[in-house]
Amino acid sequence: MPENKKYSVDGEATAQAELAENVFSLTVAAPAIAQTAQPGQFVQLRIMEPSFTLRRPVGVAAVDKKRGTCTFIYRQVGRGTAALAELLPGEIVGVLGPLGHGFGRDYVHPLLVGGGMGLSPLLFVAAAYAGQADVLMGGKTADELFWTELYAPHVGQTFLTTDDGSLGRQGFTTTLLPEILEAADGAYDAVLVCGPEIMMRGVAQIAAAHGVPCEVSLEKRMACGLGACLSCSIDTAHGRRKVCKDGPVFPAEEVFL
Ligand code: FES
């Protein structure tokens, strides 16, 4: 995929909402990025506080090309994301992007598999496939699967698992995935995954066993996000690669199998 142009903009926050406990949705006006971002790409958000500057890579969860906005869904985990959560509509946040390489766009009927906050970038993938994709989502409890409402307008079937069995099948996404692929009998032409690494490894192995191509979105600590600092380097089947520039999405066989 050719590298697309990056923009560095001061974006005005247009909406901020708490979707679930400590999970927020932030919408920012950044028209050039909204027009060009591809599903699976990310941006670097920047907030200047008196005592520190936050630079954080965040996946794009949705774009509205008409309004020129991008939406990011993130979990508040430290003081950086706390500063992000305090951002009010009308305030400014720096947005650099779109960055990295996203998911393949040419599948006919992909199955999206997401766990936890991995469901955020996959939401953009679901919207891009406009009803052609199905989704398998996993969470610890039913409360963590607030995503179902967000995905409903964009996907065909939705499959759910929870660790405690409070919603959907008890277990992990990897518990249910073999059944789904067997029942589909070759109907899925790709499995696109984002979530904890252990989950992605398991999903990649199951997809390979069923002969279905699999793409995974890796998460690594990123200092620059631009391919300049090497902090996100990983070993792949094709040598060292940078997650921020060569990924975050990779064919599963290049990084896991
Ligand atoms: Fe600096 Fe990837 S984050 S090279």
Side-chain angles (χ1 to χ4, degrees), residues 1-11 26 28 30 32-34 36-49 51-61 63 70-85 87 93-105 114-125 192-201 204 214-257:
M1 198 193 294
E3 200 173 332
N4 55 3
K5 191 166 180 234
K6 301 175 189 57
Y7 301 89
S8 179
V9 301
D10 285 331
L26 171 66
V28 178
I33 297 173
T36 53
Q38 301 294 316
Q41 288 190 302
F42 66 98
V43 303
Q44 188 91 260
L45 294 181
R46 193 187 67 245
I47 295 184
M48 312 280 272
E49 289 283 306
S51 58
F52 70 100
T53 300
L54 161 79
R55 280 198 180 76
R56 180 166 294 262
V58 182
V60 180
V63 298
C70 300
T71 297
F72 312 103
I73 300 176
Y74 61 96
R75 183 180 290 282
Q76 185 189 324
V77 286
R79 70 172 183 167
T81 41
L84 211 52
L87 209 66
V93 58
V95 190
L96 171 66
L99 301 173
H101 285 224
F103 286 100
R105 296 289 306 276
M117 294 307 294
L119 284 157
S120 170
L122 284 179
L123 183 60
F124 189 9
V125 182
L192 310 180
V193 198
C194 192
E197 186 170 321
I198 189 166
M199 182 204 98
M200 292 199 289
R201 282 184 186 276
C214 179
E215 295 183 15
V216 298
S217 179
L218 301 187
E219 196 174 300
K220 284 277 168 219
R221 210 164 245 295
M222 292 183 193
C224 73
L226 297 167
C229 73
L230 306 183
S231 69
C232 66
S233 291
I234 55 161
D235 286 319
T236 74
H238 303 306
R240 298 286 284 172
R241 290 285 184 272
K242 297 169 195 162
V243 171
C244 69
K245 198 165 163 43
D246 304 309
V249 177
F250 291 89
E253 67 273 16
E254 280 186 22
V255 290
F256 286 160
L257 302 176

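Numbering starts at 1 and runs along the sequence shown. Counting convention: from 1, in listed order, for ligands and their atoms alike. What you are looking at is a predicted structure, and each value in this text was computed from that prediction instead of being measured. What you see below is based on every heavy atom in this structure, not just the backbone, and it leaves out hydrogens, waters and symmetry mates.
- Under 2.8 Å from atom 1 (Fe) of ligand 1, one finds the following protein N/O/S atoms: C224 SG, C229 SG.
- Rounding to the nearest 0.5 Å places NZ of K245 at 7.0 Å from NE2 of H101.
- For T71, the side chain to side chain donor-acceptor pair (under 3.5 Å) partners two or more places apart in sequence, or in a different chain, are T27.
- Counting heavy atoms from C-beta on, the side chains of L96 and V43 never come closer than 4.5 Å.
- If you run side-chain contact (heavy atoms from CB on, under 4.5 Å) between F42 and each of M222, E219, R56, only M222 comes through.
- If you take CG on L122 and CG on L192, they are separated by 7.5 Å, rounding to the nearest 0.5 Å.
- Atom CZ of R221 has 12 or fewer neighbouring heavy atoms from other residues, nucleotides or ligands inside a 6.0 Å radius.
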